[in-house]
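Only one structure is covered here, and it is reproduced in the block below.
Worth knowing before you read on, the calculation uses all heavy atoms, side chains too, and leaves out hydrogens, waters and symmetry mates. Quick note: residue numbers are just sequence positions, from 1.
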Amino acid sequence: MLLRPAREPSAVSRAGPRLFLVTPRRNPVQTKKLTALAVGIGLVTLSACGGSGGGAAADSKTVTLVSHDSWAVSKKVVADFEKRSGYTLKVLEDGDAGQAVNKAILTKDNPQGDVFFGVDNTLLSRALDNGLFQPYTAKGADTVEARYRADQDKHRVTPIDSGDICVNYDKAYFSAHKLTPPTSFDDLTKPAYKNLLVTENAATSSPGLGFLLGTAARYGDGGWPAYWKKLKANGVKVVDGWEQAYNEEFSGSAGGRKAKGDRPLVVSYASSPPAEVVYADPRPATAPTGVATGTCFRQTEYAGLLSNARNTAGGKALIDFLIGKEFQQDMPLNMFVYPVVEGAKVPAVFTEYGPQAGDPQTLAPDRIAAHRDQWVKTWTSLVLK
């Protein structure tokens with residue numbers, strides 16, 4: 001979503017074909033595409049044995065990165081990587097995060113690339129359990145903050161970025177209605193906020209799933225279904241994915257205002273407000289949207305060297321680069337996510353309008369792995385039927 005996390009006003013969609021759990025992180029933003037090998041839905045009918053001719057480039061001087069559609073990086077940063085490493089970077093943006101993970105698993109014996117970036121903590125166990133990655137301890141891995149590390153016994157993935165999935169609110173709406181914006185999960189069930197919230201489907205969207213996991217962390221196994229019953233009774237609207245929720249239904253975003261969205265509360269990211277500032281023309285003095293900080297769930301995205309990568313040396317060099325300070329400091333205003341290495345600087349506009357939540361909800365990856373599928377099934381029966 002991490003995310004990434006809120007990538008914004010005219011954003012790349014995080015909704016997609018329902019291959020299972022479909023997401024961003026990261027934050028969806030209109031990105032300046034650097035090198036993309038677009039794969040249309042019609043071109044990607046996959047089977048467990050993998051597609052023919054879809055493997056990573058055999059050229060030892062080319063390294064191929066497979067990622068979700070929210071991948072974005074500055075041209076200079078890529079040029080620096082290519083100059084220093086001697087490899088040409090090729091990027092395959094393969095749908096939203098959930099879709100991309102599923103495709104990578106299905107084609108793991110004949111992978112489309114060397115490195116996969118964009119699997120987050122909500123789906124990490126699925127990737128690891130299916131043998132998607134081979135072990136590699138990246139150079140500089142010791143600079144990654146301890147709170148983001150995972151799979152420390154086998155080192156199959158490297159943390160790259162982090163972001164918070166949170167409810168965003170339309171400041172103008174709440175000011176006009178002389179209503180205090182919600183600050184917590186509990187607030188969202190109160191009569192004052194009836195019919196104001198739109199969220200994404202937890203079975204088809206990364207932020208939708210993250211919001212569900214946040215409620216599971218907040219209320220526990222026995223409490224979150226009752227919470228969702230209250231939320232449903234209070235008029236929550238569910239749509240397929242982030243793009244529809246944020247850019248069509250939400251009254252506070254640039255896209256939502258254009259589409260005449262009428263929901264002043266939306267599940268998005270803590271980094272959505274700075275994106276609304278950065279991409280506005282003219283740039284506003286303050287962000288038009290705010291964050292209900294008591295509704296946040298922390299997402300972390302990882303990269304890994306694919307098990308059957310053809311260019312393992314190039315893949316290792318690329319992962320090393322992804323946790324280097326140059327790339328880490330380039331991420332905030334390109335993918336609207338936070339760096340994970342110690343000492344990486346974040347632009348002032350990002351920290352001013354999109355600070356990380358002080359006390360986000362979290363769940364251990366093994367707990368997510370043990371309960372995710374059943375939670376989604378229960379959520380679907382409670383909310384969609």
Tell me, do [X] and [Y] make a side-chain contact under 4.5 Å, heavy atoms counted?
| X | Y | result |
| --- | --- | --- |
| Val157 | Leu128 | yes |
| Thr143 | Lys325 | no |
| Val77 | Phe321 | yes |
| Val239 | Val198 | yes |
| Arg149 | Gln152 | yes |
| Asp164 | Cys166 | yes |

Any chance [atom1] of [X] has more than 12 other-residue heavy atoms, nucleotides or ligands included, within less than 6.0 Å?
| X | atom1 | answer |
| --- | --- | --- |
| Lys194 | NZ | yes |
| Lys258 | NZ | no |
| Asp129 | CG | yes |

Answer with yes or no whether the side chains of [Y] and [X] bring together a donor and an acceptor at under 3.5 Å.
| X | Y | value |
| --- | --- | --- |
| Thr204 | Glu200 | no |
| Asp170 | Ser251 | yes |
| Gln299 | Asp120 | yes |
| Tyr87 | Asp114 | no |
| Thr300 | Asp161 | no |
| Arg310 | Asn110 | yes |
| Asn234 | Thr189 | no |

>> Evaluate Arg84 against Glu326 for salt bridge (charged side-chain N to carboxylate O under 4.0 Å, His left out), listing each step before the verdict.
In response: CA-CA 12 Å; Arg84 294 173 191 171; Glu326 182 179 17; 3.1 Å; yes
Which atom names give the shortest non-hydrogen contact between [X] and [Y], and what distance separates them?
| X | Y | value |
| --- | --- | --- |
| Arg298 | Asn121 | O-ND2, 3.2 Å |
| Ser253 | Gly256 | OG-N, 2.8 Å |
| Pro111 | Asn308 | CG-O, 3.4 Å |
| Pro273 | Ala270 | CD-O, 3.4 Å |
| Ala203 | Val376 | CB-CG1, 3.7 Å |
| Ser74 | Asp330 | OG-OD1, 2.5 Å |

Please report the interatomic distance [atom1]([X]) to [atom2]([Y]), rounded to the nearest 0.5 Å.
| X | Y | atom1 | atom2 | result |
| --- | --- | --- | --- | --- |
| Ile165 | Leu209 | CD1 | CG | 7.5 Å |
| Trp224 | Leu231 | CH2 | CG | 12.0 Å |
| Ser125 | Arg367 | OG | CZ | 13.5 Å |
| Lys139 | Thr137 | NZ | OG1 | 12.0 Å |
| Ser162 | Glu145 | OG | CD | 9.0 Å |
| Gln112 | Leu65 | CD | CG | 12.0 Å |

>> Applying a strict under-4.5 Å side-chain criterion to I, L, V, M, F, W and Y, I'd like to know whether Val291 and Met335 cluster together.
In response: no
>> Would you say Tyr173 ends up clustered with Leu188 if hydrophobic residues are merged whenever their side chains have heavy atoms under 4.5 Å apart, either directly or through other cluster members?
In response: yes
Under 30°, 30 to 60°, or over 60°: which ring-plane class applies to [X] and [Y], parallel, tilted or perpendicular?
| X | Y | result |
| --- | --- | --- |
| Tyr246 | Trp242 | parallel |
| Tyr227 | Phe185 | perpendicular |
| Phe117 | Trp71 | perpendicular |

Give a yes or no on whether the ring-centroid distance for [X] and [Y] is below 6.0 angstrom.
| X | Y | answer |
| --- | --- | --- |
| Trp228 | Phe211 | yes |
| Phe250 | Tyr169 | no |
| Tyr302 | Tyr148 | no |

> Is the shortest side-chain N to carboxylate O distance from Asp373 to Lys377 below 4.0 Å?
Replying inline: no
> Do Lys154 and Asp151 sit within salt-bridge range, that is, some charged N less than 4.0 Å from a carboxylate O?
Replying inline: no
>> As a test of understanding, state which of Val346, Leu322, Val341 forms a side-chain contact (heavy atoms from CB on, under 4.5 Å) with Gln328.
In response: Val341
> Would Glu243 and Asn247 count as a side chain to side chain donor-acceptor pair (under 3.5 Å) if you check the C-alpha gap in whole Å, the side-chain angles of each, and the deciding distance to 0.1 Å?
Replying inline: CA-CA 5 Å; Glu243 171 71 16; Asn247 279 332; 3.1 Å; yes
> Could you walk me through whether Lys190 and Asp187 pass the salt bridge (charged side-chain N to carboxylate O under 4.0 Å, His left out) check?
Replying inline: CA-CA 5 Å; Lys190 294 177 179 178; Asp187 283 349; 2.8 Å; yes
> Going through the checks in order, is the side-chain contact (heavy atoms from CB on, under 4.5 Å) test met by Lys229 and Leu382?
Replying inline: CA-CA 7 Å; Lys229 288 180 181 179; Leu382 284 173; 3.5 Å; yes
